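This is a predicted model, so every value here is computed, not measured.
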Amino acid sequence: MATVNFLAGYPEHIQQQAQALYTSGKLTIYLTEKYSQQHQIQSDKALYAYINDLKQQYLRNSPPLSQVKYDSKLNVIQHALGMHTYQSRVHGNKLKAHNSINIAALFKQAPADFLRMIVVHELAHFKQKEHNKAFYQLCLHMEPNYHQLEFDTRLWLLAKQL
């Protein structure tokens, strides 16, 4: 099976440093020391409560959260760590919105910070559908360390070699 370059968007020297850490066997040690706290959010119900708490804290006026689940069918190889879906339906003279978030099941075993980064990313899609400057500013508002966590999550995926 060919390995996936989770760091493809990063400069070549960063990719080379990450690859050197990986081949020397030090990448897992680095990540384990830096992110030792595992989360206890193992069920869809607990995940819903966790995401809804973050939503209430940062996005009170956004549309309601309809469904949340860990999804074993999300394919990390196709760059889907989480997914936000949005549907609008007309019911009589009212417009109903349905927002759902699916998180890749492998994040049940991820460090707590990585799960938070994925959740923040998907919640930001409630306000900003595209990955633009406003989207990343919203991510940084909810998680000031967002960019470092995104990079380290990619390193974690490299270490797991999914």
Side-chain angles (χ1 to χ4, degrees), residues 4-22 26-71 74 76 78-86 97 99-160 162:
V4 177
N5 187 358
F6 294 106
L7 304 173
Y10 290 91
E12 187 64 33
H13 72 280
I14 298 288
Q15 292 183 46
Q16 289 172 353
Q17 287 175 349
Q19 189 62 40
L21 271 175
Y22 175 71
K26 294 179 182 176
L27 182 57
T28 303
I29 296 165
Y30 163 76
L31 292 169
T32 304
E33 288 175 359
K34 189 171 181 181
Y35 300 101
S36 60
Q37 183 181 3
Q38 297 294 314
H39 65 82
Q40 301 303 315
I41 303 166
Q42 299 298 308
S43 69
D44 291 345
K45 186 175 181 179
L47 183 63
Y48 180 89
Y50 176 70
I51 292 175
N52 203 42
D53 286 347
L54 280 174
K55 182 188 167 302
Q56 290 304 315
Q57 185 177 356
Y58 294 105
L59 302 171
R60 282 186 210 136
N61 297 327
S62 65
L65 183 59
S66 302
Q67 181 183 13
V68 169
K69 68 178 180 177
Y70 281 115
D71 191 346
L74 276 181
V76 175
Q78 295 173 342
H79 308 295
L81 305 178
M83 188 168 55
H84 166 252
T85 56
Y86 173 80
N99 284 292
S100 65
I101 294 177
N102 295 352
I103 305 292
L106 74 107
F107 283 96
K108 283 183 176 183
Q109 288 79 38
D113 291 334
F114 297 170
L115 178 65
R116 181 178 170 92
M117 186 278 302
I118 294 295
V119 168
V120 162
H121 182 98
E122 298 309 326
L123 281 174
H125 281 302
F126 276 49
K127 294 275 187 186
Q128 299 291 328
K129 303 300 182 213
E130 302 294 321
H131 293 121
N132 55 25
K133 186 176 181 179
F135 173 85
Y136 287 108
Q137 285 177 339
L138 182 55
C139 288
L140 287 169
H141 171 70
M142 291 188 280
E143 174 52 61
N145 202 20
Y146 175 82
H147 292 299
Q148 183 65 50
L149 289 173
E150 181 181 17
F151 178 73
D152 288 345
T153 300
R154 291 173 180 276
L155 289 176
W156 182 72
L157 292 168
L158 175 68
K160 292 183 81 58
L162 300 170

If I take atom [atom1] from residue [X] and atom [atom2] from residue [Y], how far apart are they, to the nearest 0.5 angstrom?
X: T32; Y: Y30; atom1: OG1; atom2: OH; answer: 11.5 Å
X: Y35; Y: D152; atom1: OH; atom2: CG; answer: 3.5 Å
X: K127; Y: K129; atom1: NZ; atom2: NZ; answer: 10.0 Å
X: L27; Y: Y22; atom1: CG; atom2: OH; answer: 8.5 Å
X: T28; Y: L21; atom1: OG1; atom2: CG; answer: 10.0 Å
X: L31; Y: S36; atom1: CG; atom2: OG; answer: 11.5 Å

Return the set of residues passing side chain to side chain contact (heavy atoms under 4.5 Å, CB included) with [X] (not counting sequence neighbours), or none when no residue passes.
X: A20; value: none
X: A46; value: I41, S43
X: P144; value: none
X: A124; value: F135, L138, C139, M142

[X] versus [Y]: any side-chain heavy-atom pair under 4.5 Å?
X: I14; Y: Q17; result: yes
X: W156; Y: L149; result: no
X: L140; Y: H147; result: yes

Counting only pairs under 3.5 Å, give me each side-chain donor-acceptor contact of residues 50-60, with atom names and distances, residues two or more places apart or in other chains.
residue, atom, partner, partner atom, Å
K55, NZ, S62, OG, 3.4
K55, NZ, P63, O, 3.4
R60, NE, Q56, O, 3.1

Flag, side chain of Q15 to backbone of L7, donor-acceptor distance under 3.5 Å:
yes
Check: F6 main-chain N/O paired with R154 side-chain donor or acceptor under 3.5 Å
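Such a contact is found between R154 side chain and F6 backbone.
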If every non-hydrogen atom of L155 is compared with every non-hydrogen atom of A18, which pair is closest and at what distance?
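Between these two residues, the closest heavy atoms are CD2-CB, 3.5 Å.
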What do the steps show when you test D44 against Y70 for side-chain hydrogen bond (donor to acceptor under 3.5 Å, both in side chains), and what is the final call?
CA-CA 6 Å; D44 291 345; Y70 281 115; over 6 Å; no
Who passes side-chain hydrogen bond (donor to acceptor under 3.5 Å, both in side chains) against [X], sequence neighbours left out?
X: K69; result: none
X: D113; result: none
X: Y146; result: H121
X: Q38; result: none

Qualifying residues under salt bridge (Lys or Arg N to Asp or Glu O under 4.0 Å), relative to K26, sequence neighbours excluded:
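K26: no salt bridge (Lys or Arg N to Asp or Glu O under 4.0 Å) contacts found.
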Check residues 103-111 and write down every donor-acceptor pair under 3.5 Å in which the side-chain atom is one partner and the other belongs to a residue at least two apart or another chain.
residue, atom, partner, partner atom, Å
K108, NZ, Q42, O, 3.4

NZ (K45) with more than 12 external heavy atoms under 6.0 Å:
no
Hey, mind stepping through F126 and I101 against side-chain contact (heavy atoms from CB on, under 4.5 Å) and telling me if it holds?
CA-CA 10 Å; F126 276 49; I101 294 177; 3.8 Å; yes
Could you give all pairs that pass the side chain to side chain donor-acceptor pair (under 3.5 Å) test and reach residues 133-145, with sequence neighbours left out?
R116-E143
